[in-house]
Amino acid sequence: ETLSQELLLIGYNMDWNDFVGITEKADEVPAAYLIERIKIWRDAELVATDFTQLPDVKVDKVAFAKYRQELRNLSSQDDDPRQWVFPVKP
């Protein structure tokens, strides 16, 4: 599996370290870079879960709606993305 496939697994517990490159020192990555990387992932995750809100899809719509809202609210938690608490995909 590639990293992008791993990040889309149901129940995977994300955190900001998932957005640090293997050649980067985590504490040296500027917050703005982390935020940009996280927003790219978040936007892709929202697109990937759009289908969960369709009327004929048999998933826990409430849980996915909550997850999707928590994704949208990530950046409002703190100015430092290292403090963000990531939601777990249902």
Side-chain angles (χ1 to χ4, degrees):
E1 293 179 19
T2 66
L3 178 60
S4 60
Q5 289 171 324
E6 288 177 22
L7 297 181
L8 295 175
L9 293 175
I10 293 173
Y12 182 80
N13 193 12
M14 298 289 296
D15 77 15
W16 67 272
N17 285 297
D18 292 307
F19 301 95
V20 176
I22 59 172
T23 60
E24 297 175 312
K25 293 183 179 177
D27 57 342
E28 294 178 6
V29 178
Y33 288 6
L34 287 175
I35 290 169
E36 194 60 36
R37 293 171 187 178
I38 293 168
K39 285 183 176 181
I40 290 168
W41 166 80
R42 181 213 48 208
D43 292 348
E45 188 66 4
L46 286 168
V47 169
T49 58
D50 276 346
F51 79 95
T52 65
Q53 301 308 296
L54 295 172
D56 59 339
V57 176
K58 295 185 186 328
V59 297
D60 185 342
K61 291 186 187 337
V62 173
F64 270 99
K66 180 179 183 247
Y67 171 71
R68 291 166 51 83
Q69 188 59 53
E70 289 172 349
L71 287 173
R72 291 185 195 97
N73 294 343
L74 269 176
S75 60
S76 66
Q77 292 181 24
D78 196 288
D79 290 339
D80 182 359
R82 291 169 177 88
Q83 303 304 315
W84 295 356
V85 177
F86 287 74
V88 176
K89 185 187 279 185

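These numbers come from a predicted model, not from an experiment. Basis for what follows: all heavy atoms, side chains included, without hydrogens, waters or symmetry-related copies.
With sequence neighbours left out, the side-chain hydrogen bond (donor to acceptor under 3.5 Å, both in side chains) criterion links E70 to K66.
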Carefully, step by step, assess K39 and L74 under the rule side-chain contact (heavy atoms from CB on, under 4.5 Å).
CA-CA 9 Å; K39 285 183 176 181; L74 269 176; over 6 Å; no
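Annotation for D50: atom CG counts as buried by contact number, over 12 foreign heavy atoms lying within 6.0 Å. More than 12 heavy atoms of other shown residues, nucleotides or ligands fall within 6.0 angstrom of atom CD in Q77.
Contact check for D60 versus P90: no side-chain heavy atoms found under the 4.5 Å cut-off.
Shortest non-hydrogen contact noted between K61 and L54 is NZ-O, 2.6 Å. Annotation for T52 and R68: closest pair OG1-CD, 4.0 Å, computed over non-hydrogen atoms. When all heavy atoms of R42 and L71 are compared, the closest pair comes out as CD-O, 3.0 Å.
In the hydrophobic clustering of ILVMFWY residues, with side-chain heavy atoms under 4.5 Å counting as a link, V47 and I40 come out apart.
Between W84 and F86, the ring-plane angle classifies as tilted under the 30° and 60° cut-offs.
Taking CG of D43 as the start and CD1 of I38 as the end, the distance is 12.0 Å to the nearest 0.5 Å. Between atom CG of residue L46 and atom CH2 of residue W41 there is a gap of 8.5 Å, rounded to the nearest 0.5 Å.
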